[in-house]
Amino acid sequence: MTGPSETRLEVRNITKRFAGVTALADVSLDFRPGEVHAVIGENGAGKSTMMKILAGVQPPDEGQVLVDGQPVVIDSVETALDQGIALIHQELNLADNLDVGANIFLGREPTRFGLIDFRRIENESRKFLSMVGLEIEPRTLVRDLTIGLQQLVEIAKALSVDAGVLIMDEPTSSLSQHEAEALFKVIENLRGRGVTVIYISHRLREIQRLADRVSVLRDGQNAGGLQRDEINHDAMVSRMVGRDISQFYARTEHPIGTPVLRVNGLRTLMWPKHSSSFEIRAGEMVGLAGLVGAGRTETLRAIFGVDRPVAGTVSVDGVTVAPMNCRGAIDAGMALVPEDRKTEGLILESGIRTNVGLPGLARHQGFGGWMNRHQERVDSDKMIAEMNIKAANDRLAVQFLSGGNQQKVVIGKWLSMNPKVLLMDEPTRGVDIGAKQEIYRLMEELAQRGVAILFVSSEMEEVMSMSDRMLVMHEGRITGELTRDRFDEETIMQLATGSNS
Amino acid sequence: GCSSSSTDSKPGTAGVTADRPSVAYVTNGVASFWVIAESGVRQAGEEFGADVDVLMPAEGIGDQKRMIEDLITKGTDGIAISPIDPDNQTELINEAAKYSHVITHDSDAPASNRECYIGMDNYLAGRMCGQLIAEALPDGGKVAIFVGRLEQDNARRRRQGVIDEILGRSEDSSRFDPPDAEIKEGKWHLVGTFTDQFDRAQGKANAEDAMSRHSDLVCMVGLFAYNPPLMLEALGQAGKLGKIKVIAFDEADETLKGIVDGHVHGTIVQNPFEYGRQSVRVLAGLTQGKSLAELEIPENGFLNIPARQIRRDNVDEYWAELKKNLGEE
Amino acid sequence: MKKILGILGLLIFICVMTALMSDRFLTQYNIENLLRRSALFGILSIGAAFVIITAGIDLSIGSMVCLVGCLLPWMLVDQGFSVPVTLAIVAALSIGIGILHGTLITKLKLQPFVVTLCGLLFYRGLTRGIVQDQTQGFKGDYQSLRWLSQGQISLPGTDFGIPMPCVILLVIAVLAILLLNFTVYGRYMLALGRNETATRLSGINTDRITVLAYVICAGLSGLGGMLFVLDVGSAQPVDFGNFYELYAIAGAVLGGCSLRGGEGTIIGVVIGAAVMQVLKNTITLVDWIPTNIEYAVIGAVILGGVVADEAVKRYAAKRAAAGRAT
Amino acid sequence: MKKILGILGLLIFICVMTALMSDRFLTQYNIENLLRRSALFGILSIGAAFVIITAGIDLSIGSMVCLVGCLLPWMLVDQGFSVPVTLAIVAALSIGIGILHGTLITKLKLQPFVVTLCGLLFYRGLTRGIVQDQTQGFKGDYQSLRWLSQGQISLPGTDFGIPMPCVILLVIAVLAILLLNFTVYGRYMLALGRNETATRLSGINTDRITVLAYVICAGLSGLGGMLFVLDVGSAQPVDFGNFYELYAIAGAVLGGCSLRGGEGTIIGVVIGAAVMQVLKNTITLVDWIPTNIEYAVIGAVILGGVVADEAVKRYAAKRAAAGRAT
Ligand SMILES: Nc1ncnc2c1ncn2[C@@H]1O[C@H](COP(=O)(O)OP(=O)(O)OP(=O)(O)O)[C@@H](O)[C@H]1O
Ligand SMILES: Nc1ncnc2c1ncn2[C@@H]1O[C@H](COP(=O)(O)OP(=O)(O)OP(=O)(O)O)[C@@H](O)[C@H]1O
Ligand SMILES: O[C@@H]1[C@@H](O)[C@H](O)OC[C@H]1O
Ligand SMILES: [Mg+2]
Ligand SMILES: [Mg+2]
């Protein structure tokens with residue numbers, strides 16, 4: 001179909017197996033210079049596995065990789081870089097004890113007389129940082145940045161490789177629309193310069209906007225491709241899932257009750273001079289919008305007692321929660337689905353049952369802390385069924401689940417506690433379209449049952465579709481409160497960037 | 001030195017052969033001193049036709065207990081023990097004595113059922129050491145004592161002997177001056193006893209710090225075999241060899257060389273080679289049914305292998321004898 | 001179960017080899033000795049295991065053994081305290097130290113390695129200061145108390161007796177298994193050893209659980225120290241319990257605990273502790289192994305054990321992958 | 001810079017206090033001694049620091065000191081090897097052991113704690129076996145070699161001399177600083193200590209860097225062992241270098257290395273090592289501090305140091321937050 005001159009990178013008949021699963025089965029793909037090539041598929045479809053093979057992180061079991069028509073063996077990250085292939089990983093990969101500049105050039109430090117050329121690193125880094133719209137000093141320590149900003153650093157790092165093939169595995173999962181726009185400009189620029197950009201995302205709107213071609217993976221197999229003019233939401237969805245997903249955002253009318261969660265004068269350590277106050281009612285779903293680093297995560301964490309706030313009170317059903325630890329928040333009827341499920345939400349090496357049961361153990365413990373294993377099993381069985389978690393059995397370590405299923409486990413562990421207030425930080429981050437829909441359905445069901453939901457989302461579409469009411473944050477304060485009828489992208493963006501305050 | 005021997009038992013033959021008695025020699029730690037004893041043991045093994053085994057506990061008293069228990073298990077015919085803490089090991093020794101012949105060496109456990117003690121009187125040896133000090137320093141002065149650890153019975157007795165002798169006190173081995181106390185009496189000023197817990201770098205640092213602390217120090221006494229060489233090192237580096245008198249214990253090469261060179265006034269030597277040799281001789285004899293008297297052990301059950309004072313005049317002779325025992329010459 | 005197979009195999013292998021090389025190995029007397037020693041070290045290893053399971057470490061075990069081992073006879077013989085008072089003080093001291101460690105680690109966020117390294121130095125120095133470097137012993141007294149270490153419970157119908165420390169270990173091991181596997185505390189320890197943040201965000205007071213682990217470890221170290229001195233009869237502050245933390249940790253690691261936390265079985269740990277005691281016994285019993293290379297043998301066996309374990313795991317993973325893929 | 005202020009302050013504090021309590025502290029002789037001892041332990045601590053920075057640990061340092069410390073005189077005096085041959089063997093041995101540790105840790109994925117714990121046991125046992133428990137010494141010979149530890153370079157115009165170990169430490173520290181802060185290797189160590197995956201995914205051969213860290217540590221332990229025995233004059237395999245790994249690690253930790261990896265400054269580490277040597281000196285020089293509580297004092301000071309450090313950090317964070325609020 002394509003001549004060798006037109007193909008920058010090609011994979012032929014790639015197969016990759018892990019203990020228990022065949023992640024890729026006989027997949028062939030080709031990527032051309034100057035195209036943005038989106039690879040989509042459900043969680044666990046094998047997208048990251050394919051990209052890791054291309055980037056030399058892991059070898060394929062079978063199959064061949066060709067660069068510019070020549071077969072090559074990519075057996076290490078170094079060889080991949082030599083071949084001009086750079087990968088922005090799905091997970092953050094930065095050494096946060098080093099500064100931004102050091103991370104951008106990690107592994108490729110310019111040297112003079114065998115010593116690192118710090119001046120050059122600083123100057124060059126600045127260039128790449130500004131390309132992604134990040135106005136920070138290269139000397140800033142990475143650990144002082146939030147996840148979103150770190151993601152931008154990661155992108156700057158990949159840009160600095162000056163690669164012919166740049167792979168981005170869900171680069172926007174922690175970015176809000178504002179930052180994503182900056183990234184899209186970069187991508188367009190790269191395309192203009194003939195760089196091949198392989199782009200992976202679960203946000204189909206982005207793909208529609210960016211991609212020249214789309215390849216779809218399903219259960220580790222190639223499920224076909226879409227050309228520029230065929231790329232639309234429904235086509236992508238039906239290739240990925242094999243069925244039609246209509247009624248994506250499942251919202252129905254239901255009555256909203258009295259205020260359950262009341263936050264009064266809350267000041268967080270990061271933004272101690274700004275206080276925020278608001279309340280969420282029973283059955284109400286409130287979206288918390290804002291740019292990266294606006295302080296949304298901090299607010300949720302302070303409410304749940306993860307970090308001690310500087311000032312302020314939180315009450316549930318009129319009873320003040322001692323904002324000291326999570327136990328107090330849980331006992332008051334709150335639950336938090338944290339931002340990073342792998343480090344904060346799950347015990348990765350433990351089974352589904354253990355994870356789901358963890359918060360409830362205390363509630364069912366017998367004399368001397370005796371564990372009620374029966375209850376634990378009943379709870380987890382119920383959750384697995386209710387949430388439609390796909391797994392061989394409930395003792396399977398959650399590290400082997402797909403992102404969407406992992407997220408469902410995190411939500412499931414809280415549902416068994418019957419919370420009155422559910423706090424969710426980016427509940428659909430990195431989750432595929434099918435699972436997203438299920439999570440939305442769950443949120444809706446909970447709201448109908450009278451649970452008050454406060455959720456953070458960086459995805460404009462999501463926050464606009466799912467919220468009954470929206471709070472917009474900017475630099476640690478709530479700059480606006482919008483009712484559903486006033487939802488509109490421009491207003492939200494203005495409030496989020498603080499440009500009207 | 002060479003300590004390999006042809007009398008090691010064969011694998012699997014756990015020393016219960018009828019004709020060849022099996023004898024084990026348990027020390028109180030690991031030291032070159034004991035390596036000399038080991039060659040005595042090996043030599044006697046050949047001489048008296050016994051299978052011998054030398055065990056040096058590296059981890060203190062618990063380790064020694066374990067070794068003795070394992071020897072009981074092995075069915076060893078005779079065990080010679082240098083008890084680390086005789087007061088509290090009586091039971092263990094008695095237990096061993098139920099199954100085999102047990103004697104003590106180097107340090108005694110008089111309250112136990114051991115059949116005899118082979119060694120010297122550490123208190124008296126200390127007094128002999130004191131004589132050397134008085135002899136080297138007729139005008140007295142500041143004296144510092146160095147020793148590995150002070151909770152070991154022989155160390156305490158030696159130190160007390162030294163103190164009692166130079167202060168001209170009566171013989172009473174049950175006296176005990178607290179370790180940190182400075183003792184000023186007449187022309188003598190004992191500035192303290194420095195312990196190093198067998199850490200040699202610390203031992204040397206102690207000697208250095210003692211000189212730092214007391215610029216008018218006139219004498220250093222080292223009570224454990226490895227102390228005098230460390231003191232000599234420190235003195236050499238400080239350029240004070242010969243200026244501060246050194247009185248030693250035991251027969252480390254450096255110590256003997258120091259005597260030859262005039263940097264050490266004298267040393268008290270035990271006879272570890274004989275401790276080893278005599279232990280095997282006696283145990284082999286007891287196993288073969290001989291009585292203590294037949295084995296020439298005095299009535300009081302104490303086979304005295306007396307300490308000797310070595311000065312410049314007899315050092316060459318002694319050194320030659322030592323080398324011969326170690327098979328080095 | 002599968003996890004302890006490796007270490008159990010190693011133990012059996014060493015026992016069989018030793019029995020082949022020495023006909024005295026399987027004598028009743030030797031077996032009783034081995035049981036007693038393994039039990040004493042097993043108690044320490046169980047303590048170490050709890051801390052290791054929470055991804056911590058306790059380097060102060062040996063010095064705790066020294067502290068309790070010296071203070072017990074000192075209080076009884078030297079100070080003339082009564083047995084109940086002494087035991088109460090020793091227990092309070094051990095638990096107090098555990099609480100101290102746990103608090104420094106959780107509240108001040110100090111690293112366990114650092115806190116317990118200071119403990120290692122401090123408690124020994126403290127002991128030396130208190131007893132003035134004097135050997136502390138029972139001088140033949142306190143036989144009924146010493147029965148705890150030296151006594152035996154005879155098995156009816158045989159003349160074989162189970163050494164008391166073994167009985168004590170048994171009780172402790174059963175309690176430990178119950179705690180670790182059947183109570184919420186054990187579950188919390190395993191969880192926090194794997195992911196402290198996620199556990200805390202699940203509403204668990206991880207600080208309290210961490211403190212609990214250090215209290216268990218210090219408590220068992222204290223108990224161990226007591227049993228050791230009751231067994232040996234006396235203790236010198238300078239070397240009593242020296243290096244025991246390393247034996248305890250090595251036992252736990254051999255028994256399947258990962259220093260990364262979240263993993264470990266009590267039975268494995270007890271077997272791990274036994275392996276080292278049997279090895280030492282082997283070296284003394286078998287004539288042609290020179291005693292002075294004892295450490296070298298132990299080091300080599302531990303390394304061999306973990307290497308073999310790793311190799312088996314990899315092989316199993318490979319087979320599983322191949323098996324499922326076809 | 002800020003990071004070493006705390007430990008520097010502690011060192012100065014201890015020195016001033018000791019100088020006030022003992023007029024002998026500031027004598028030339030004592031200062032030279034202190035410089036020499038601090039330098040010897042400083043070399044070990046730098047080695048430990050490299051391993052700790054890569055989030056590893058080396059427990060075998062003391063046994064390496066024993067191995068080299070005993071084998072050096074054994075080869076020279078007992079076996080009659082020439083000086084160059086002996087030095088070459090010692091160097092090859094140290095580096096070889098470093099490579100072995102690094103390889104076991106990277107290729108077999110064994111835990112550093114376990115590998116080097118086995119090393120701790122093995123090398124000491126090996127040494128005891130080789131030299132048959134004999135004390136090994138130079139017997140007054142090899143003065144020119146021993147000048148490396150005992151010599152001094154006199155400062156022109158004064159009668160003060162800088163002890164040779166100090167000069168050696170200086171050279172090593174400068175090289176270490178260059179390596180850690182100005183070359184890619186150092187940067188890779190810092191990066192991998194914090195986030196091994198990220199470093200590997202940046203195309204860096206983290207295995208090789210890890211091995212490098214263990215080689216540096218084993219190499220410096222070997223060098224330290226050599227200088228120690230050249231200084232002391234003799235070594236007994238059973239106790240030479242005992243516990244030195246703990247001193248080395250404590251020095252590194254006091255000097256600002258986090259056992260979690262990715263943090264540490266060479267200067268801080270050297271100061272950390274010096275703190276402990278000065279403390280020991282203090283205890284001997286000041287009459288009213290009983291010598292037997294030495295360990296207790298060191299333990300308390302280390303703990304105090306890290307607690308103070310933590311407190312200062314927290315206070316700074318609070319002030320920063322307060323600053324933002326106004
Ligand atoms: N190292 C591994 N060991 C075992 N299984 C693995 C490993 N890496 C991936 N897998 C499995 O391979 C399959 C494909 O995973 P992959 O990460 O490629 O999916 P993905 O398409 O990137 O999904 P997502 O959208 O969630 O990122 C999944 O079933 C996953 O569990
Ligand atoms: N331009 C910036 N440079 C550096 N730090 C920033 C910047 N903007 C915001 N921050 C930091 O962002 C933090 C607020 O982060 P928080 O995680 O609460 O926000 P968020 O809205 O949830 O963002 P994210 O989506 O990244 O999680 C503050 O610590 C602030 O210092
Ligand atoms: O007991 C021994 C003692 O007699 C000798 O002087 O030094 C070494 C000790 O083990
Ligand atoms: Mg992926
Ligand atoms: Mg956030």
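All heavy atoms count here, side chains included; hydrogens, waters and symmetry mates do not. Lettering of chains follows the sequences in order, A, B, ..., and the numbering in each one begins at 1.
Taking all atoms of both residues into account, the shortest heavy-atom contact from Met56(B) to Arg128(D) is O-NH2, 4.0 Å. Heavy atoms only, all atoms of each residue included: Phe138(D) and Glu254(B) are closest at N-OE2, 4.4 Å.
Rounding to the nearest 0.5 Å gives a distance of 5.5 Å between CG of Asp209(B) and CG of Leu285(D). Here the OG1 atom belonging to Thr27(D) is positioned 11.0 Å from the CE atom belonging to Met211(B), to the nearest 0.5 angstrom.
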>> Applying side chain to side chain contact (heavy atoms under 4.5 Å, CB included) to Tyr226(B) and Gln236(D), what does each step give before you reach the verdict?
In response: CA-CA 9 Å; Tyr226(B) 63 86; Gln236(D) 162 64 41; over 6 Å; no
>> Before you tell me yes or no, could you show the steps for Glu38(B) and Gln132(D) under side chain to side chain donor-acceptor pair (under 3.5 Å), namely the whole-Å CA-CA distance, both residues' side-chain angles and the distance that decides it to 0.1 Å?
In response: CA-CA 11 Å; Glu38(B) 183 172 358; Gln132(D) 285 295 314; over 6 Å; no
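Both the backbone and the side chain of Ser215(B) come within contact range of chain D, each with at least one heavy atom under 4.5 Å from a heavy atom of that chain. Only the side chain of Gln237(B) comes within less than 4.5 Å of a heavy atom in chain D; its backbone stays farther off. Both the backbone and the side chain of Ala205(B) come within less than 4.5 Å of a heavy atom in chain D. At a 4.5 Å heavy-atom cutoff, the contact between Val238(D) and chain B is made by side-chain atoms alone. Interface remark: Phe25(D) contributes no atoms to any contact with chain B (heavy atom separation under 4.5 Å). Of the two parts of Asn206(B), only the side chain, counted from C-beta on, holds a non-hydrogen atom closer than 4.5 Å to a non-hydrogen atom of chain D. Only the side chain of Glu294(D) comes within less than 4.5 Å of a heavy atom in chain B; its backbone stays farther off. Using a 4.5 Å cut-off between heavy atoms, Asp231(D) contacts chain B through both its backbone and its side chain.
Using modelled atom types, one finds no donor on one side chain facing an acceptor on the other under 3.5 Å when comparing Thr284(D) with Arg213(B).
A distance-only check finds a donor-acceptor pair linking the side chain of Arg24(D) to the backbone of Ser212(B) [under 3.5 Å].
Among Gln150(D), Gln152(D), Arg146(D), the residue with the largest count of heavy-atom pairs under 4.5 Å with chain B is Gln150(D).
Scanning residues 31-48 of chain D against chain B with a 4.5 Å heavy-atom cutoff picks out Asn33(D), Arg36(D), Arg37(D), ordered by number.
No more than 12 heavy-atom neighbours from other residues, nucleotides or ligands sit within 6.0 angstrom of CZ on Phe13(D). The local environment of NZ in Lys65(B) is crowded, with over 12 non-hydrogen atoms from other residues, nucleotides or ligands closer than 6.0 Å.
For Pro272(B), the side chain to side chain contact (heavy atoms under 4.5 Å, CB included) partners two or more places apart in sequence, or in a different chain, are Phe33(B), Ile36(B), Ala37(B), Glu251(B), Gln270(B).
Asp239(D) is listed as a side-chain neighbour of Arg200(B), based on a closest heavy-atom distance under 4.5 Å.
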